[in-house]
Amino acid sequence: MPFYSDELIEEVRSRNDIVDVISGYVRLQKKGSSYFGLCPFHNEKTPSFSVSPGKQMYYCFGCGAGGNVLTFVMQYENFTFQEAMQSLAERAGIELPKQEMTAAQRQKADRRARLLEINQTAAKYFYMLLRSPQGQHALDYFIRRELTPQTMQHFGLGYSGKYSDDLYRYLKKQGYPDDLLKDSGLIIFDEKRGGYDRFWNRAMFPIMDVNNRVIGFGGRVMGDGEPKYLNSPETVIFDKSRNLYGLNFARVSRRPHILLCEGYMDVIALHQAGFDNAVASLGTAFTSGHANLLKRYTKEVYLTFDSDGAGVKAALRAIPILKEAGLTAKVIDMRPHKDPDEFIKALGAEEYQKRIDRAENSFLFEIRMLERDYDLKDPESKTEFFRQVSRRILEFPEALERENYIEAIAGRYQIGFEQLRGMVNSEGTRGGITRQREPLKSGIHEKHKKEDGMKQSQRLLLTWLIEDETLFDRVGKYIGPEDFTEEIYRQAAKLLFEQHAAGQLNPARIVSMFADEEQQREIAGLFHARIRAVETGKDREKALNETVRRVKKNSIEYRTKHLEPADTAGLQRLIEDRKSLAKLHISID
């Protein structure tokens with residue numbers, strides 16, 4: 001890991017008990033030697049999120065999220081590794097050495113911190129101006145929009161002064177240099193005017209990242225100026241495609257889904273009405289970056305875009321992006337009203353909840369919008385409509401899912417199920433999308449199952465070893481790190497055996513040795529295989545022997561296949577391992 005030594009990383013990790021830290025985010029209940037709660041990384045009703053005080057690791061048996069305390073803080077808070085280290089070090093009262101950063105790294109980190117500081121200072125200034133006589137007309141605007149003082153405070157709403165250099169002069173008095181102010185995106189410089197404010201005479205909406213740090217602003221002009229809405233430009237700390245307005249609040253909502261809106265006022269109106277799971281993109285089209293960000297916090301997104309033509313187009317663009325990210329999308333019908341803000345003012349929160357409950361499946365919404373392009377009273381146009389529907393149904397990879405949508409479309413448009421299914425199959429054959437499948441040759445499925453089963457056996461053995469360290473000496477007579485045929489499994493096994501030999505078994509430390517988040521997740525999975533409950537020691541002994549035998553046999557087969565012809569030493573080891581395998585027996589009495 002950059003910046004910090006392995007020893008320092010381990011000190012920070014070990015000084016932050018994982019149960020104490022995660023209890024601050026997730027309600028945990030003790031069951032046996034572990035703690036369980038609802039996973040914060042996916043929606044579930046039955047707790048499958050496990051936190052082990054012994055291993056100092058967490059693992060979700062539902063979605064596979066896992067790691068140590070550093071991994072958790074990075075994943076939950078959307079922190080970089082350095083930010084997670086800083087947060088946990090402060091929590092434990094550990095002072096991190098500054099000198100471990102290079103001069104360039106320190107300069108970059110300091111600049112980021114200073115830009116965040118400038119944005120925070122500007123936000124406070126705008127907040128203060130809104131509540132001064134100068135900001136009265138902006139305050140009146142928010143009041144006309146029926147926002148309460150509590151809501152204005154919650155979102156940090158403000159006002160940028162009526163003079164175009166108000167903020168510039170204020171920030172200069174605070175001692176910020178011009179080069180830094182230029183990089184903040186708040187101040188514009190040119191040869192004629194010098195420095196002047198990007199935002200002036202506007203109602204201001206601070207934009208915060210998921211960690212509640214002000215990273216930019218949106219501003220609505222007071223009066224007839226253009227543009228009506230103006231956003232901060234991209235800066236070192238503000239990436240529009242990686243942030244969503246309101247996500248800092250929505251990510252901790254107890255609601256199981258997220259409402260995706262088009263504008264700031266829609267988000268604010270929904271939160272004020274009790275829908276604290278609403279977010280919006282930041283004056284830009286919805287992107288895959290936004291979808292991947294949402295995926296951290298939910299599996300289901302409800303689109304609550306404007307009901308006009310532009311809103312429908314935006315929804316049709318967003319749906320495939322959400323699907324590509326693996327998210328389920330539904331569409332809320334707000335007709336006859338234009339947007340959530342207008343809807344709630346007219347009909348109230350209770351009626352809006354009913355619309356959420358009746359939200360339309362995104363595919364059926366797409367088909368309903370497609371229907372507008374065809375005259376279903378004309379036979380030729382109607383046939384072409386169903387041909388297009390058939391092609392869209394073929395985009396679903398699972399046969400059962402295709403059947404379900406054929407059934408849904410047939411019911412909605414009063415066409416025979418078999419007729420529509422026939423057209424789907426016909427279109428698939430014509431386009432080369434589907435074909436008659438030949439029966440698989442014997443052994444293909446079995447081989448796939450064998451490979452998956454072998455990974456499971458290797459995971460199971462690693463989990464057994466850290467659950468009961470006394471097994472190392474017994475298992476070690478037959479199995480070593482080289483017998484784990486998956487590369488990352490072999491690396492983890494090597495580190496685990498080395499720790500045991502040194503008398504310092506510490507699986508949580510192994511997680512920190514892998515820089516990539518996906519690798520950390522996989523390592524956590526290796527140490528959390530589900531061990532089948534057995535009633536007697538004899539059954540446990542039998543299960544352990546079978547697992548060791550499978551792993552060793554697979555290792556022998558793998559090494560035999562990859563043995564170099566001239567490797568006589570390797571051949572001798574294989575012969576000895578085969579003899580050893582024939583006599584394998586591990587007693588756990």
Side-chain angles (χ1 to χ4, degrees), residues 123 126-127 130 138 141-158 202-220 228-232 238 240-287 290-291 293-294 296-298 300-307 310-311 314-315 318 322 329-332 334 337-349 352-353 355-356 359:
F126 294 147
Y127 184 89
L130 179 69
Y141 165 75
F142 286 131
I143 292 171
R144 283 198 306 275
R145 299 299 297 263
E146 299 182 17
L147 299 187
T148 65
Q150 292 80 10
T151 296
M152 290 185 233
Q153 181 182 3
H154 185 64
F155 282 91
L157 303 182
R202 290 178 180 270
M204 297 299 293
F205 302 81
I207 298 165
M208 295 176 227
D209 66 10
V210 292
N211 303 307
N212 296 305
R213 299 175 300 190
V214 180
I215 55 174
F217 294 89
R220 187 199 186 281
K228 185 177 179 181
Y229 279 97
L230 180 66
N231 288 312
S232 290
F238 183 43
K240 293 178 185 179
S241 67
R242 296 286 302 154
N243 290 279
L244 289 161
Y245 186 71
L247 187 59
N248 55 316
F249 301 128
R251 74 182 182 92
V252 293
S253 169
R254 299 303 299 171
R255 292 176 180 266
H257 52 265
I258 280 182
L259 300 171
L260 181 59
C261 311
E262 287 189 86
Y264 302 145
M265 283 303 305
D266 289 331
V267 171
I268 295 171
L270 284 168
H271 279 252
Q272 181 169 279
F275 301 97
D276 60 354
N277 55 334
V279 302
S281 56
L282 300 163
T284 184
F286 188 77
T287 67
H290 293 136
L293 183 60
L294 287 175
R296 289 176 177 266
Y297 307 107
T298 189
E300 198 168 36
V301 175
Y302 284 60
L303 300 176
T304 180
F305 290 176
D306 291 359
S307 56
L322 290 164
K330 291 189 175 182
V331 181
I332 298 171
M334 289 177 295
H337 299 287
K338 181 176 180 288
D339 56 39
D341 183 26
E342 185 181 295
F343 185 101
I344 286 173
K345 284 184 174 66
L347 300 176
Y352 187 78
Q353 181 60 53
R355 295 293 179 100
I356 292 175

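No experiment lies behind these values; they were computed from the predicted model shown.
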Before giving the answer on side chain to side chain contact (heavy atoms under 4.5 Å, CB included), spell out for Met152 and Ile143 the whole-Å C-alpha distance, their side-chain angles and the decisive distance to 0.1 Å.
CA-CA 9 Å; Met152 290 185 233; Ile143 292 171; 4.1 Å; yes

Are Asp266 and Phe343 close enough, and set up right, to give a side chain to side chain contact (heavy atoms under 4.5 Å, CB included), and what steps lead you there?
CA-CA 10 Å; Asp266 289 331; Phe343 185 101; over 6 Å; no

Kindly say whether Asp306 contributes a backbone atom to a donor-acceptor pair with the side chain of Glu262 at under 3.5 angstrom?
yes

Heavy-atom side-chain contact between Phe249 and Asp276 under 4.5 Å:
no

Taking every heavy atom of Ala273 against every heavy atom of Ala349, the minimum-distance pair comes out as O-CB, 3.7 Å

Should Leu260 and Val279 count as side-chain neighbours, where that means a heavy-atom distance under 4.5 Å?
yes

Can you give me the closest heavy-atom contact between Ala291 and Phe286, atom names plus distance?
N-CZ, 3.7 Å

Is there a donor-acceptor pair closer than 3.5 Å between any side-chain N or O of Lys345 and the backbone N or O of Arg145?
yes

Exam field: side chain Asn277 to backbone His257, donor-acceptor pair closer than 3.5 Å
yes

If only side-chain N and O atoms count, and only distance matters, is there a donor-acceptor pair under 3.5 Å linking His154 with Thr151?
no

Would you check if the side chain of Glu342 reaches a backbone N or O of Met334 as a donor-acceptor pair within less than 3.5 Å?
no

Return the minimal non-hydrogen interatomic distance between Ala315 and Leu303, and the atom names on each side.
O-CD1, 3.9 Å

Result for side chain to side chain contact (heavy atoms under 4.5 Å, CB included) between Leu244 and one of Leu293, Ile258, Asp209 points to Leu293

Between His290 (side chain) and Leu322 (backbone), is there a donor-acceptor pair under 3.5 Å?
no

Would you please indicate if the ring centroids of Phe205 and Phe142 are separated by under 6.0 Å?
yes

Taking the ring centre of each residue, are Phe126 and Phe217 less than 6.0 Å apart?
yes

When every non-hydrogen atom of Arg251 is compared with those of Val210, the smallest separation belongs to NE-O, 2.9 Å

Check whether any side-chain heavy atom of Leu147 lies under 4.5 Å from a side-chain heavy atom of Met265, and answer yes or no.
yes

What's the verdict on side chain to side chain contact (heavy atoms under 4.5 Å, CB included) for Gln153 and Tyr127, showing C-alpha distance, side-chain angles and the deciding distance?
CA-CA 8 Å; Gln153 181 182 3; Tyr127 184 89; 3.4 Å; yes

Going through the checks in order, is the side chain to side chain donor-acceptor pair (under 3.5 Å) test met by Arg220 and Tyr141?
CA-CA 10 Å; Arg220 187 199 186 281; Tyr141 165 75; 3.2 Å; yes

Can you check whether Arg213's main-chain N or O pairs, donor with acceptor, with Asn211's side chain at less than 3.5 Å?
no

Say whether, by atom type as modelled, one donor and one acceptor occur between the side chain of Thr304 and the main chain of Cys261 under 3.5 angstrom.
no

